[in-house]
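Chain letters run A, B, ... following the sequence lines, proteins first, then strands; residues in each count from 1.
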Amino acid sequence: MPESIEIKINGQELLVSAGTRVRDVLEQHCPEWLKNSIGVSLNDEPLDFQMPLHANGELTPLEPGGNAPSMALEMCRHTTSHVLAQAVKELFSDVQVGIGPPTADGFYYDFLREDPFTPEDLQAIEKRMRKLIKTNQKLERLEMPKEEAEMIFAEKGEDLKVELVRDKGGGQVSCYKQGNFIDFCTGPHLPHTGKIPAIKLLHTAAAHWRPKSGRKDFPMMQRIYGTAFFSAEDLETFLDHRDEAKKRDHRRLGIDLDLFHFDEKAGPGMAYWHPKGGTIRHQIEAFLCDEQLSRGYDVVYTPHIARKHLWETSGHYDYYKENMFTLDVDEQEYVLKPMNCPGHILIYEKGTRSYRELPLRYSEFGTVYRNELSGVLHGMLRVRGFTQDDAHIFCRPDQIQEEVSGALDLALHVMKTFGYDEYRIDLSLHDPSNRDKYAGDEDQWGLAESALADALDSMGLVYERQLNEAAFYGPKIDFHLIDALGRAWQGSTIQLDFNLPERFNLTYVGDDGYQHRTAMIHRAIYGSLERFVGGLIEHYGGAFPLWLAPVQVIVLPIADRHIKYAEAIAEAAEKAGLRAEVDRRSGKLGAKIRDAQTQKLPFMLIVGDRDMENQEVSVRHRTVGDLGSLTIETFLAQAVQDIEARAVREWPLRKDDAAPA
RNA sequence: GCCGACGUAGCUCAGUGGCAGAGCAGCUGAUUCGUAAUCAGCAGGUCCGGGGUUCAAGUCCCCGCGUCGGCUCCA
């Protein structure tokens with residue numbers, strides 16, 4: 001480490017000795033920062049005032065709502081987690097503290113305690129936290145030898161902290177102390193607790209103590225989640241956002257919109273699609289099916305069960321047994337398929353394949369069953385029976401890049417159609433220093449990985465390389481979709497496989513007349529229909545675009561004498577290929593509109609005396625409202641146009657009869 | 001699988017050991033109405049399932065199932 005370091009601050013260049021505290025530099029050169037900011041950042045690293053400087057760089061102030069809001073918030077939340085631990089220690093005597101880091105939108109702290117915390121406990125703890133915050137406790141950074149820290153925590157009976165200190169490398173450690181509470185922590189922290197304006201404890205949960213430490217008997221911790229913001233308004237916005245997400249919860253909307261249900265009588269993790277959910281799913285399947293047919297895919301169908309032998313060959317029986325449902329048939333063991341690949345392979349290997357007929361692209365909406373742990377099931381997003389839009393491309397090694405490009409193009413087209421305009425792409429690669437973990441040889445991996453990267457590069461796609469994240473059988477590309485609320489969802493996946501072609505000895509005859517190893521690509525665009533539709537429901541908040549809406553138009557007669565006309569209108573809509581209904585109830589128009597709005601139906605066609613006389617309909621759109629009167633032909637022409645285009649926008653019609661923009 | 005909470009009408013929920021309830025939805029009738037809730041009546045229950053305590057259990061206890069919040073794992 002150099003004796004002295006160069007620090008830029010406020011345009012000034014300084015030479016200070018390494019280890020100088022941030023506070024000392026600021027006192028001399030920028031005393032107002034000590035008052036107005038909560039810390040500094042140096043080369044994008046947050047530092048608090050008590051930390052030592054060890055690297056060259058420019059210091060910029062860290063302020064609430066400043067130019068690095070997430071860094072400042074993270075600091076605030078980390079300090080709040082210490083306050084949480086302090087409050088818990090004060091209120092409960094039988095508690096050991098664990099760890100308490102900030103998270104993406106808050107923080108948590110884990111406690112070791114016989115009894116879990118109740119909601120009443122949480123209220124009391126939050127009250128105590130507010131009290132502690134108000135006293136403007138200073139957070140004091142202490143640096144000391146490991147042994148000393150161990151002693152401090154041992155004396156307090158904090159065995160878990162002792163364990164953490166002991167496992168930490170180096171000889172010197174840091175702790176932060178506020179009031180009588182001291183925590184083993186690298187920081188950085190706010191100068192004092194008075195800088196925390198808005199807090200909220202959210203919920204409790206259980207968590208394992210250091211599950212990755214290799215300990216088998218890790219104790220169960222009681223975790224408390226909370227969040228903190230620099231203003232009450234920000235906290236309010238955050239809570240509103242949570243409520244909005246709750247309203248979009250696909251499980252809630254699945255019931256409200258009559259899309260699907262899970263039945264206790266039948267078993268957990270198995271979805272029953274109602275007619276309306278089925279309509280949505282059918283549209284989604286048909287869309288991809290058509291796309292695939294036009295892109296040279298073949299359709300195949302494979303059975304749901306197969307003898308154990310097939311799964312032994314594929315390796316699933318050894319590596320995936322825990323997750324497979326098995327059944328006895330004539331004293332033989334059969335397996336309910338957890339994946340579609342072995343079935344597609346049986347079709348491939350049934351004939352002698354020539355290099356001339358490759359690639360072969362086998363696609364299937366294949367329903368698979370996996371015995372997931374009961375605790376992980378979650379609505380449509382995590383189920384035990386689900387249908388994959390699965391395809392396996394069998395090709396020559398020299399065709400890999402083009403086939404991957406084709407799959408990428410399809411994935412991009414599909415995401416765009418559903419209005420997922422933002423996404424993240426991961427390229428998961430193997431780690432050459434960890435060879436034991438992977439099937440196939442280094443040459444294969446090199447070829448395959450560069451094929452994937454080349455395909456991404458040639459399409460100008462931005463992606464992140466994830467080292468050592470490949471599947472054991474090959475590298476892969478994963479899409480993560482960002483939905484309307486900014487949340488990420490698992491999207492398409494494209495995976496190369498070196499393992500199954502070996503296990504099944506898949507070959508093709510080359511132009512040299514010899515047999516060569518076939519390359520195999522797994523790809524799923526939706527992934528699972530269940531998960532994809534679950535995500536779509538939340539993305540659209542239940543308001544499906546016209547082409548997907550289970551009921552596209554509902555005709556609302558104003559009085560009973562208009563029912564006949566309404567039925568004629570509905571019939572015309574159906575003839576044009578729309579899904580139409582008539583509300584024949586005798587209530588007021590307002591009530592019918594309200595019900596249609598609640599069901600999020602895209603179009604209401606209101607018909608009364610005026611409309612009958614002019615042979616028109618009054619069009620109301622669920623978000624735009626009253627669109628005025630049109631002839632049914634004009635309306636249908638525009639609606640059909642939007643349906644065929646699979647438009648996702650919420651503004652499908654213009655009042656002036658012009659074609660949609 | 002593990003920790004905790006919860007499970008009452010189709011849905012949302014009240015019911016703190018003593019007659020099983022409300023709102024919405026449904027059905028019937030009245031009303032015939034122009035852009036987010038017309039009125040009245042009726043019907044609707046294995047209080048998740050099983051066992052126990054008690055004169056008496058939706059309520060208390062035990063076991064099981066399911067759901068939810070997490071941990072861990074995954075499409």
For Ile558(A) and for Pro116(A), locate the closest nucleotide of RNA chain B by heavy-atom distance; then report the residue assigned to the nucleotide nearer the 5' terminus.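 The residue closer to the strand's 5' end, by nearest nucleotide, is Pro116(A).
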RNA chain B: 5'-proximal contact among Tyr320(A) and Asp560(A) (nearest heavy atom):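 In this pair, the answer is Asp560(A).
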May I ask whether Phe386(A) stacks on the base of A75(B), given the cut-offs of 5.5 Å between ring centres and 30° between planes?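 Yes.
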Apply ring-ring contact (aromatic ring centres under 6.0 Å, His included) to [X] and list each qualifying residue two or more places apart in sequence or on a separate chain.
X	answer
Phe365(A)	none
His274(A)	His261(A)
Tyr317(A)	none
His250(A)	none

Which residues share a side-chain contact (heavy atoms from CB on, under 4.5 Å) with Glu581(A), sequence neighbours left out: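 Testing Glu581(A) for side-chain contact (heavy atoms from CB on, under 4.5 Å), a comparison that skips the adjacent residues, returns Val551(A), Ile554(A).
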Taking the [atom1] atom in each of [N] and [M], what is the distance between them to the nearest angstrom?
N	M	atom1	value
A43(B)	A22(B)	P	12 Å
C3(B)	U16(B)	C1'	27 Å
U38(B)	C61(B)	P	45 Å
C11(B)	C47(B)	P	16 Å
G66(B)	U72(B)	P	23 Å
G52(B)	G17(B)	P	23 Å
G58(B)	C13(B)	C1'	14 Å
C2(B)	C63(B)	P	13 Å

Let me know the distance between [atom1] of [X] and [atom2] of [N], rounded to the nearest Å.
X	N	atom1	atom2	answer
Lys265(A)	U67(B)	NZ	C1'	14 Å
Leu381(A)	C68(B)	CG	C1'	14 Å
Phe365(A)	A75(B)	CZ	C1'	15 Å
His274(A)	G10(B)	NE2	C1'	11 Å
His261(A)	G66(B)	NE2	P	14 Å
Leu377(A)	C71(B)	CG	P	15 Å
Tyr108(A)	C71(B)	OH	C1'	10 Å
His522(A)	A75(B)	NE2	P	12 Å

Can a side-chain donor-acceptor contact be found between Asp595(A) and Thr598(A) if the only test is distance below 3.5 angstrom? no
Decide whether Glu364(A) and Thr302(A) meet the rule of one side-chain donor and one side-chain acceptor closer than 3.5 Å. yes
Working for salt bridge (charged side-chain N to carboxylate O under 4.0 Å, His left out), residues Lys247(A) and Asp243(A): CA-CA 6 Å; Lys247(A) 270 187 231 149; Asp243(A) 287 345; over 6 Å; no
For each nucleotide in nucleotides 35-43 of chain B, reading 5' to 3', give B when a protein heavy atom comes within less than 4.0 Å of its base, S when such contact involves only the sugar-phosphate, and - otherwise. BBBS-----
What about Asp609(A), does its side chain sit under 3.5 Å from the base of G34(B) through a donor-acceptor pair?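 By the distance-only test, no, there is no pair.
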Spell out yes or no: do the side chain of Arg223(A) and the base of C3(B) have one donor N/O and one acceptor N/O closer than 3.5 Å?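 No, the side chain and the base share no sub-3.5 Å donor-acceptor pair.
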Within the structure shown, what part of the strands sits under 4.0 Å from [X] by heavy-atom distance: base, sugar-phosphate, or nothing?
X	answer
Phe117(A)	nothing
Glu530(A)	nothing
Gly534(A)	nothing
Val368(A)	nothing
Gln490(A)	sugar-phosphate
Asn323(A)	nothing

What verdict does the salt bridge (charged side-chain N to carboxylate O under 4.0 Å, His left out) test give for Glu567(A) and Arg584(A), after you've listed the backbone C-alpha separation in whole Å, the side-chain angles of each residue and the deciding distance to 0.1 Å? CA-CA 9 Å; Glu567(A) 284 170 342; Arg584(A) 293 181 181 78; 2.8 Å; yes
For [N], does OP1 or OP2 lie under 4.0 Å from any side-chain N or O of [X]?
X	N	result
Arg561(A)	C33(B)	yes
Arg251(A)	C68(B)	yes
His378(A)	G69(B)	yes

Mind checking the NE2-CG spacing from His282(A) to Leu548(A)? Nearest 0.5 Å is all I need. 11.5 Å
Return the nearest nucleotide to the side chain of Met220(A); candidates are A75(B), C2(B), G70(B).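 Nucleotide nearest to Met220(A)'s side chain: C2(B).
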In terms of side-chain heavy atoms of Ala205(A), which of C3(B), G70(B), A75(B) is nearest? G70(B)
Just the table, please: protein N/O against nucleotides 12-15 of chain B N/O, every pair under 3.5 Å.
unit_1	atom_1	unit_2	atom_2	d
U12(B)	OP1	Arg252(A)	NH1	3.1

Is [N] paired to anything, Watson-Crick or G-U wobble with both distances less than 3.5 Å, and if yes, which nucleotide?
N	value
U67(B)	A5(B)
G41(B)	C27(B)
C13(B)	G21(B)

Among pairs that include at least one residue of residues 97-116 of chain A, which meet ring-ring contact (aromatic ring centres under 6.0 Å, His included), considering only residues two or more places apart or in two chains? Tyr108(A)-Tyr225(A), Tyr109(A)-Phe111(A), Phe111(A)-Phe117(A)
Taking the six-membered ring for Trp and the single ring otherwise, decide whether the centroids of His480(A) and Tyr423(A) are under 6.0 Å apart.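 No, too far apart.
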Got a list of side-chain donor-acceptor pairs under 3.5 Å for residues 487-494 of chain A, not counting sequence neighbours?
unit_1	atom_1	unit_2	atom_2	d
Arg487(A)	NE	Asp483(A)	OD2	3.1
Arg487(A)	NH1	Glu538(A)	OE1	3.1
Arg487(A)	NH2	Asp483(A)	OD2	2.8
Arg487(A)	NH2	Glu538(A)	OE1	3.2
Trp489(A)	NE1	Asp483(A)	OD2	2.9
Ser492(A)	OG	Ile525(A)	O	2.7
Thr493(A)	OG1	Asp478(A)	OD1	2.8
Thr493(A)	OG1	Gln495(A)	NE2	3.1

